[in-house]
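Please read the structure below before turning to the comments.
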2 protein chains.
Amino acid sequence: MTTLRAVKPPHETRTRILDAAEELFMLHGFEGTSMRLLTSKAGVNLAAVNYHFGSKDALIEALFRRRLDPMNAARIAELARLEEEANGRPLAADAIIRAFVGQSLRHMEDTKSGGRNFIRLLGRTYTEPTKPIRVLIGQLYAPTMERYKNALERALPHMPREELVWRMHFMFGTLSYTLAATDVVQLIAGCKPEDRHDARLLEDRLTAFLAAGLTAPLKHAVRKAA
Amino acid sequence: MTTLRAVKPPHETRTRILDAAEELFMLHGFEGTSMRLLTSKAGVNLAAVNYHFGSKDALIEALFRRRLDPMNAARIAELARLEEEANGRPLAADAIIRAFVGQSLRHMEDTKSGGRNFIRLLGRTYTEPTKPIRVLIGQLYAPTMERYKNALERALPHMPREELVWRMHFMFGTLSYTLAATDVVQLIAGCKPEDRHDARLLEDRLTAFLAAGLTAPLKHAVRKAA
DNA sequence: GTCTATACCACGATAGAC
DNA sequence: GTCTATCGTGGTATAGAC
């Protein structure tokens, strides 16, 4: 076992399965892609999924962990970097938003590693009917969200906590939907398709929209409820 | 057939199927709910769905049409009413948004007719992997979107068309996500559950957030791209 | 430890009797 | 309109080959 086997890296089957799953789940959804199609595309045996992951659901979980854990770690690191630069002063809200949003868009840009597929898949998954998946996503995001919530509380000290939570919720929704629904824009009103792939421009558009929404003045009814 | 049959209204089987489908699709998704479960919950025969609708997909289409057509008609009527009141002057952006958003929340409030189930299901469907469903939703929304886009163009004459389309896209995303993902708020940061059902308060929160985002000043990069 | 062949039950859809 | 039988396909479990 410890002999040289340069041709076949360890866990190659695992990786092949994960890569094929990412693409097919994005195209046809979780329940829409059969294990038979998935394994044949990955070039592995039907039972390999069950051996390596245990079940289809466990495969889905592994798929999300593989990309989401590094992504959220990068988000937290980016926030820490900004806070260090600021030297104790609170950050501006739009800088915080940009740090969060940017990570998703960065992954969309590298068409090489299939990151684009994953991001679209991720955006779709927040509203998955299957509860275990939603719970998993929530768990994977929880530490990051806590950090960003704290940063936003410092950036917007006069915002009631509850209103801030709701606005973060809206923000999260806009981001996930934008990443997931790539063609509905065209269905609604038509837009130049080439723009959809300009991550830098999209980052500016999103940040401007979200920062304005997040820092909007409070309505009377909302302020009373706080 | 034309004799009096007060006990059993016409198309009762159809209605029973649609009602059961609405609830089960919301709970388990389209592919996640079996026809066997659906028909047994509806108290009809397994083959009845195929007889009345032709297929599972056709059932889904009928399900959306039943609720979405009146809902969008109400949206257009509401906009026409506001425009008549304004007597030719352009409407304010937040009034337009409130008219659009309000219709969804109105349907969420009547727990009686199962509207809440439908709205959650609808919010989830914009990001459905199955393309025919997305196309259907796009078609059903198209006339309404056109009307609202025109109204917003009048309300925001200095906004580049393309930026407006993107912002409407963001807006649509926030709305659909908010309606679909009822429990993720709690997963992320925790919020008082009773608030999630106060449609009036939610309408205020949403309108404030979206109006601010929609009317946000343009970034340089975005202005140059226009 | 990795992988394959195969068997098992539930699913969606359909045809035909009633 | 309803029911039953049936077909092809889905996810999963396992026994055994390498």
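We name chains A, B, ... by the order of the sequence lines, and we start the count at 1 in each one.
At a threshold of 4.0 Å, the pair Glu31(B)-Lys56(B) does not count as salt-bridged, since none of the basic side-chain nitrogens sits closer than that to a carboxylate oxygen.
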(request) Take nucleotides 6-18 of chain D nucleotide by nucleotide from the 5' end and write B, S or -, depending on whether a protein heavy atom sits under 4.0 Å from the base, only from the sugar-phosphate, or from neither. (result) ----BBBSB----
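Between His52(A) and the phosphate of dC3(C), there is a side-chain N or O to OP1/OP2 separation shorter than 4.0 Å. Within the structure, a side-chain polar atom (N or O) of Tyr51(A) is placed less than 4.0 Å from OP1 or OP2 of dT2(C). Side-chain nitrogen and oxygen atoms of Thr13(B) include at least one within less than 4.0 Å of the OP1 or OP2 phosphate oxygen of dT2(D). Between dA5(C) and Asn45(A), a contact under 4.0 Å exists linking OP1 or OP2 to a side-chain N or O.
Between Ile17(B) atom CD1 and dG12(C) atom C1' there is a gap of 15 Å when expressed in whole angstrom units. Rounded to whole Å, atom P of dG12(C) lies 15 Å from atom CZ of Phe53(B). If you take CD1 of Ile60(B) and P of dG12(C), they are 11 Å apart, rounded to a whole angstrom.
Every residue two or more places apart in sequence or in another chain that forms a side chain to side chain contact (heavy atoms under 4.5 Å, CB included) with Arg81(B) is listed here: Glu78(B), Glu85(B).
Side chain of Arg36(A) to main chain of Leu46(A): no donor-acceptor pair is present (N/O by atom type, distance under 3.5 Å, no hydrogens or angles). Looking at Arg106(A), its side chain does come within 3.5 Å of a backbone N or O of Gly102(A) through a donor-acceptor pair.
With no hydrogens or angles considered, a side-chain donor-acceptor pair links Arg75(A) and Asn72(A) at under 3.5 Å.
The aromatic ring centres of Tyr148(B) and Phe100(B) sit less than 6.0 Å apart.
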